[in-house]
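As structure tokens, the structure follows; a few thoughts come after it.
Position 1 is the first residue of the sequence, and the numbers go up from there. What you are looking at is a predicted structure, and each value in this text was computed from that prediction instead of being measured.
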Amino acid sequence: MRFGVSTFMTDEGIGPAALGRALEERGFGSLFVTEHTHIPVKRETEYPGGGDLPRIYYRTLDPFVALSAAAAVTARLRLGTGIALVVQRDPITLAKEVASLDLVSGGRAALGVGAGWNREEMRNHGTDPATRMRLMRERVLAVKELWTRERAEFHGEFVDFDPVFSYPKPVQDPHPPVLVGGSGPRALDQAAEYGDGWMPIYGRGDGGLAARIADLRERAGRRVAVTVFAVPARPEAVAELEAAGADEVLFNLRTEPRDGTLRDLDRLAALL
């Protein structure tokens, strides 16, 4: 099983280059970062975690800028989004951003995707919350076409373009893995249809994780990789996920300045 961290990178926490170096020095295999383009002042959507929306949601760095900074100072660390809000991103631009990250990192990019929960945030991007799942599917499929075709084209309900050249192409063959985030039935359906992996949040969803992983792999007819997001730093949690058939654990890393982050990483490294 592989081990990494998932975190909110903000202007108030450790910088991405310093974090990337610290993770690799301690033997971690991956860094996944969160995305929120903005938070509307007028809040309507209930925070899924309950209570007030934490400060870190307001202050996230752009994930691809942050991951590129980490890529420049590391050699082995896998660099992923946990998750990129695809329903708030143009697919042609997204394809170029991820392929560029994969190129400059030497083939270490991973694209975690999700449709998001903050309805007022996505509306500001022109996205109808009612159709966001269909929109995400088309945008991911379009990105894969742009990554893998010399003359890529896509014609769907939401995404429509005639043949185009799009470079660079990713280093990874056939492309960076797309990990579908979420813990509900629709996330499983999407991971089985067009995902290269599934990325559930630890402790969410109905039923046992082992049963859902088995169900996903049976539906897909292949061994879909499973990366579990925001895992608490407890040995029993790691043992549970290993028994369930997960492939990768992403420990939840608090957003702290450099010194506090390094102390937290030392504690997490003891679980590797």
Side-chain angles (χ1 to χ4, degrees), residues 2-41 43 47-85 88 97-98 100-101 104-105 108-112 114 116-118 121 179 181 199 201-204 227-235 237-238 248-272:
R2 302 188 303 270
F3 297 91
V5 302
S6 53
T7 192
F8 282 73
M9 296 231 63
T10 79
D11 57 331
E12 297 178 323
I14 189 173
L19 178 58
R21 279 193 298 263
L23 287 167
E24 201 161 81
E25 288 168 357
R26 288 161 176 78
F28 289 93
S30 55
L31 167 63
F32 279 74
V33 300
T34 297
E35 172 177 43
H36 279 279
T37 57
H38 68 292
I39 297 296
V41 172
R43 299 266 347 281
Y47 170 49
D52 294 334
L53 188 66
R55 180 182 179 88
I56 51 177
Y57 281 79
Y58 294 82
R59 309 190 71 97
T60 54
L61 305 186
D62 177 89
F64 297 109
V65 173
L67 292 171
S68 295
V73 297
T74 57
R76 301 177 303 279
L77 199 67
R78 187 159 82 133
L79 306 156
T81 51
I83 46 78
L85 293 170
Q88 300 177 186
E97 287 174 322
V98 180
S100 297
L101 175 63
V104 302
S105 69
R108 292 184 282 138
L111 179 61
W117 58 269
N118 192 330
E121 179 182 350
L179 313 179
M199 189 161 60
I201 298 174
Y202 180 83
R204 294 194 188 175
T227 293
V228 184
F229 185 84
V231 177
R234 299 197 306 267
V238 175
E248 185 174 25
V249 165
L250 300 179
F251 293 116
N252 184 47
L253 179 66
R254 297 183 304 166
T255 302
E256 295 283 340
R258 181 181 180 277
D259 289 348
T261 298
L262 296 183
R263 287 192 295 269
D264 287 344
L265 288 179
D266 288 338
R267 287 191 289 269
L268 289 174
L271 295 174
L272 298 189

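- For the residue pair Asp62 and Val65, the shortest heavy atom distance occurs at OD2-N, 3.0 Å.
- A donor-acceptor distance shorter than 3.5 angstrom exists from the side chain of Thr60 to the backbone of His36, with no hydrogens or angles considered.
- The heavy-atom pair separating Thr81 from Phe32 by the smallest distance is O-CD2, 3.5 Å.
- Taking Asn252 as the reference, nothing meets the side-chain hydrogen bond (donor to acceptor under 3.5 Å, both in side chains) condition, with sequence neighbours excluded.
- In plain terms, the two heavy atoms of Leu23 and Ser30 that are nearest each other are CD1-O, 4.4 Å.
- In this structure, Ala69 and Pro16 approach most closely via the heavy-atom pair CB-CG, 3.8 Å.
- Other residues, nucleotides and ligands contribute more than 12 heavy atoms inside 6.0 Å of the CG atom of Asp11.
- Taking each heavy atom of Leu271 and Pro235 in turn, the nearest pair found is CD2-CG, 3.6 Å.
- Counting non-hydrogen atoms of other residues, nucleotides and ligands closer than 6.0 Å to CZ of Arg258 gives a total of 12 or fewer.
- Side-chain atoms of Thr74 and Arg108 include a donor-acceptor pair closer than 3.5 Å.
- Atom CD of Glu256 and atom CG of Leu262 lie 11.0 Å apart (nearest 0.5 Å).
- In this structure, Leu77 and Glu24 approach most closely via the heavy-atom pair N-OE2, 2.9 Å.
- The pair Arg78-Glu248 counts as a salt bridge, with a side-chain nitrogen and a carboxylate oxygen less than 4.0 angstrom apart.
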| What do the steps show when you test Phe251 against Leu272 for side chain to side chain contact (heavy atoms under 4.5 Å, CB included), and what is the final call? | CA-CA 10 Å; Phe251 293 116; Leu272 298 189; 4.2 Å; yes

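- Between Tyr57 and Tyr47, the angle of the ring planes goes over 60°, which puts this pair in the perpendicular group of the 30/60° scheme.
- Here the CG atom belonging to Leu179 is positioned 11.5 Å from the CD1 atom belonging to Ile83, to the nearest 0.5 angstrom.
- Considering Val5, Val249, Leu268 as possible partners of Val231, the one that fulfils the side-chain contact (heavy atoms from CB on, under 4.5 Å) test is Val249.
- Rounding to the nearest 0.5 Å gives a distance of 12.0 Å between OH of Tyr58 and CZ of Phe8.
- Note that CG of Leu250 and OH of Tyr202 are 13.5 Å apart. Values are rounded to the nearest 0.5 Å.
- Without hydrogens or angle criteria, Glu35 side chain to Leu85 main chain gives a donor-acceptor distance under 3.5 Å.
- With rounding to the nearest 0.5 angstrom, the OG1 atom of Thr227 is 5.5 Å from the CZ atom of Arg2.
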| message | Between Leu19 and Leu253, does the side chain to side chain contact (heavy atoms under 4.5 Å, CB included) criterion hold? Intermediate values first, please. | response | CA-CA 11 Å; Leu19 178 58; Leu253 179 66; 3.8 Å; yes

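- With hydrogens and angles disregarded, no donor-acceptor distance shorter than 3.5 Å links the side chain of Thr10 to the backbone of Ile56.
- Rounding to the nearest 0.5 Å gives a distance of 11.0 Å between OG1 of Thr34 and CG of Leu61.
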